[in-house]
Amino acid sequence: MEIENALPKTFDSEGAENKWYDVWLKNQCFKPRSGKQNKTFTVLMPPPNVTGKLHMGHALDATTQDALIRYKRMKGFETLWIPGTDHAGISTQSVVEKLVWKQEKKTRHDLGRDEFVRRVWEWKEQYGNEIVNQQMKMGVSADWDYATFTLDEIPNKAVKKFFVMLFNEGLIYQSDYIVNWDPSLQSAISDAEVEHKEVKGFFYHLKYLVKEEPGTELIVATTRPETIYGDTAVAVNPNDERFKDLIGKTAIIPICNREVPIIGDEHVDMEKGTGCLKVTPGHDFNDFEIGKRNSLAIINILNKDGTFNTNAPEIKGMKPKDARAEVERILIELDKLVEKKEHIHPVGHGERSDEIIEPMISKQWFLKTTEMADDAVRAVENGEMTFYPKGWENTYFSWLRNPKDWCISRQLWWGHQIPVYYCKNCNAKWAAEETPDECIECKGSDLFQDPDVLDTWFSSGLWPLSTLGWPDENAMKAKGFKKFYPNSTLVTGFDIIFFWVARMMMMGMKVTNKAPFRDVYIHAIVRDKQGRKMSKSLGNGIDPLELIKQYGADAMRFTLAAGSGYNRDLNLDPERIEGYRNFVNKLWNAFRFIHPYLEKAKEDLPTKSEWHLHDNWILAELNTVAKKMNESMDLYRYDEACSEIYQFVYEKFCSWYIELSKNILYGQDEKAKVIRATMLKFCFRKIVILLHPITPFITEEIWAHLEDGKSLLIGQEYVEFDPALGNADVQILMNKFIEVTSGVRNIRSSVNLKPKDEIDVRLFTDDPKLAKFLYDSRHFLKDLANVKSGTIRKKASSRPKKSASLATSHTEIFIPLEGLIDINEQINRIKKDMEKTQSEYKKVEAKINNANFMQNAPTEVVTEVREKAQGFMDKLASLNEILSSFQ
RNA sequence: GGGCGUUUAGCUCAGCUGGGAGAGCGCUACCCUUACAAGGUAGAUGUCGGGGGUUCAAACCCCUCAACGCCCACCA
C-alpha cells in the first residue's frame, strides 16, 4: 500500500533548473545587496573565449565560484560576481578566417582589414554568447549586468590609457628583436605561448675549412643545417684547448662559401656536440645573444610565412623541411657532411597553431616588466595576496622573479590596435588615447596608426580594473569601483598563473598600488578517470551539458565540488556522478517523506524541555556539521564541506533520525507528532540552506515547499555554529544506542534471521545513563531491529544460555535462540572478535606500561588511552561471559 | 639541467599542527519493510611505494632510493 504523495518519486532536475534560474533572474537575486556583514565580496570570472564551448574546465570554474558566491551571499556579504567574455585574438580570428574561406573562398586580405574586422564582430554577435547560455544552465549566479567583453568601450579605454601611461614612462618600447615567430599566424607570439615538444631529428656534423690554415677542418654540430645561410660566425669556448688557437681566424661556410670569424664565447658547451657552434644570430635566441656580445652581423634568411628568402638561393621559397633535405643533399655532394645521427630534441611549437616556431628578428613592441614584477612578488611575500593552496606561489614566484620583457604586439587584425601614431611627414611617433588629427611635432595631418594589435593578455591583465569601469569616472561610480576593488577571491586553474594571474597583479598594482585580489584559489585540472587530460584527439572528453541532461546540474556540481580541495588533478569517474545523483535523489525522497507532515509543523521550535533525546541529538549533530562546513568553505575546501553534509544527510538524518521518527509520526500521540514534524521541518530548512551553495536547484525547489513559496532560499542566511545547540552527552549516548542497534542487526544477520522474524533481546550494561536511554528507546529498537521483547540488566545478572550474542565496550547483547543456532559458529565468531580486541588491547596496554609514554605524552592522550584500554577490557570481559554462557 | 607534485582498500581519493588506518564507488550475503531498488541491513578487503632516521609514539617530521605526473629553461 502506498501513501498518496503529491511529489514525484524521483527528482525532476531539468524542471527545477529551468524554473528556478528564471525566478532568480526575475527577482534580481544575483545583484549585490548589503547584508549583515557590512562587507563586500567580489569574484571576477575568468572570461571564457567567445569561441569557446563549455567543457569540464569551465564547469569546474563555474561550480567552485558559484558555490563560493552563494555561500558568501548567504553569509551576508554584499556579493558581486562579474562575468564576461574574452575576444581571444588568435583563436577568434582564425575561426572567422576559416569560415570566410569556406563560404567565399576569400582570405582576410581579400576582404581588407575593416571588412574583415566587421565580419568578426558579426560572428561574435551571433555566436559569442553561446557559452554564456551554457553557464546559465549550471546555475551561475553572476550579475549579468556587469557582463563585459574585452573589446567593449571601457576595456578599450583601459588598454589605451595603460599603454599611453607606460609608453610615456618609457616602459613600452619598440625594438628589432628576436621573437617567436609563428609562420602560420604570421605573427610574433610571447614566450609563454610557446610550448616545447620533443621532436625526433638529426644531429649533423659539418666540415668547415679554416681560411688561414689550409688543411685544418672544423667540425660543427647542428640540428638545422639549412640555417648555415644565416651564419655569421663559428664559436668555440675560449677555454677549450682544442680550438684555442683558432680564435680570431676565419672559417668558410660550406655551400655559400662565406667567410666568418671564429670567435670565443663562454656560452659554448665543450661537452656538447663537437664543441664548435655555428652562430646564426637571426634565427636562434642564444646565437642572437652571442651576436650582440660579439657585434656580429645578422642575416635574415626567412620570409614571414616561414619559407626561405633570397639570402638562401639554393633553397629559396622552400619550407624548412624540404630545405633541410636539399641542403643535406648538397652537403653530401660537396663532401661536407661528416656524420648524421638521430637526435631527439625539444622544439618550440605555437600553443594555438601547433606549428613549429621560428625565431626571427622583427620589429615588435615590448613591455619592461622588471619593476612591476617586483611589486607583484612583494605583494604575495607580505601577504597582501595569498594563494590557496599555498604551494602555487612557487610557480608564481619562479615566473616573476626572472622577468623577461613581454612582447605585446601581434600581427593580427582582431584585437586592441596599438595606440601609437606615426607622422608620414616628419616621422614623429607617439602614443595617444584619442585618435589624433595632427602630428604633435609638425602639425601635419598625414598620420597612420600602428597596424599591430596587442596580445590578448594585455587586456585580460587589466580585467579587474576595466570590469569595474576604470578608467572612465562615470562608469567607475556606476559600477562601484571603490566598493568592489580590490576583488576578494580569484578562482582559476594553475595553467594561467603566468598568463593571467601574474599579469593582473602587475598591471593592477601599477595602476592602483593595490593587489587586485586578496585570495587566489587555484583549482584542479579536470582529467579523465585514468588521469589523462581530456582532449579531442583522445576522445575522452566529457560534455558537461550531457551530464546535466543525464544526471542534473546539482549532481554534476556536487561531484565537481566534492573533488575540489587543494589537489591539482581531478580525475573524473562518471560513476561518481551517478553516486551523487543518487544522493540528490535521496535528499528528495527524504523530503517526500516529511512532506505530508509539514502541515502539522509549527514555525518555531518547541521549548527545550519538550525535546526528545533524539531531537537533542540531531540538532547537536546538525550544529557540528554547520561549524565544519563554514570552516571548510572559508578555506576553499569544497571536498570537506561536501563530505560533511553528505555524511550527515545520509547517515545521521536519513538512516537514524527519519527512521526514529516513523514510530512517532505513525503513532497516536498528537502532541509528539507536532513536535517531531516541527523538528523535521526545522532540520530540513537547515539542511537545504547548508547545501544550497553546492546544489542550488533541488534545495530551492524543496524550500518552496517548506515555505509555501513565501521566500527564496538563495536569499536566506547561512547556518552558523550555535553554541546553545551543542550536546556532547546526548551524542555519546546516541552513538552507543546506534552501536547496540547495529549489534542486534549484526546478530540477526549472522544467524540468518529474516527481517520478519521477531526476536527477544537481553541487554546487559553497567552504565545507568545508557540503561535509561535504552529503556526509553525500547520502542525504537523494536522498529529498527524488529525486537519484540527484551530486558535491560546489570552485568552482574546471569546470562541466557547458548544465545546468539555480541559485546561492545559498554553493552552485551543476547538473543536467546537455544536450539535454533549453530553453537560452534557462534563460539567461533566470539573467539574471532576476542582475538581482534585482544590485539587492539595489547597496543594500548604497551603504551600504558611504557613509562616514557606516561611521562611524555600529553595528559589528554594518556586519559584517552586509559579509556580505550578500559573499553577493550570491558569488552573482553563481556566476551568471556558470553563464551562461558555456551558451557 | 632547475623546480613542484603524486605514490593510502579492486577503482577515485580524504586523512589538517605526529597519538587506536577512513569515505564514495565496486564486491559478498540477505531483503521489493507503508520516503527512496537511483533503496535498506549486515559483511570482507590495506607491509599507508622501498630503505634508513628523529620520537614514548610516524601514513604524517627528516634523509635516501624508486616509479609516475606537471611546470620552467634549452632547436649545437
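Computed from a predicted model, the values in this text were never measured in an experiment.
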For [N] and [X] - does any side-chain N or O of the residue sit under 4.0 Å from the phosphate oxygens OP1/OP2?
X	N	value
Lys662(A)	rA35(B)	yes
Lys9(A)	rA35(B)	no
Asn786(A)	rU33(B)	no
Asn571(A)	rC13(B)	yes
Arg637(A)	rG15(B)	yes
Ser398(A)	rC4(B)	no
Lys586(A)	rG40(B)	yes
Arg568(A)	rG5(B)	no
Asn582(A)	rC36(B)	no
Asn585(A)	rA38(B)	no

Any donor-acceptor N/O pair, Thr280(A) side chain to Gly282(A) backbone, under 3.5 Å: no

Options rG43(B), rU34(B), rU12(B), nucleotide nearest the side-chain atoms of Tyr666(A): rU34(B)

Rounded distance (nearest 0.5 Å) linking atom CZ of Phe11(A) with atom CG of Asn589(A):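 Here the rounded value is 11.5 Å.
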
Approximate separation, where rounding is to 0.5 Å, of Lys847(A) NZ and Met854(A) CE: 11.5 Å

More than 12 heavy atoms from other groups under 6.0 Å of NZ on Lys832(A):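 Result for NZ/Lys832(A): open.
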
Describe the nucleic acid contact of [X] in one word from base, sugar-phosphate, nothing, applying a heavy-atom distance below 4.0 Å.
X	value
Ser655(A)	sugar-phosphate
Ala590(A)	base
Asp269(A)	base

Dot-bracket line, read 5' to 3' along RNA chain B, where crossing pairs take [ ] and | marks a partner on another strand, Watson-Crick or G-U under 3.5 Å: (((((((..((((.....[..)))).(((((.......))))).....(((((..]....))))))))))))....

salt_bridge(Glu328(A), Lys340(A)) N-O dist < 4.0 Å: yes

Derivation and outcome, ring pair (Phe, Tyr, Trp, His ring centres under 6.0 Å), residues His196(A) and His349(A): CA-CA 6 Å; His196(A) 287 272; His349(A) 287 68; 8.7 Å; no

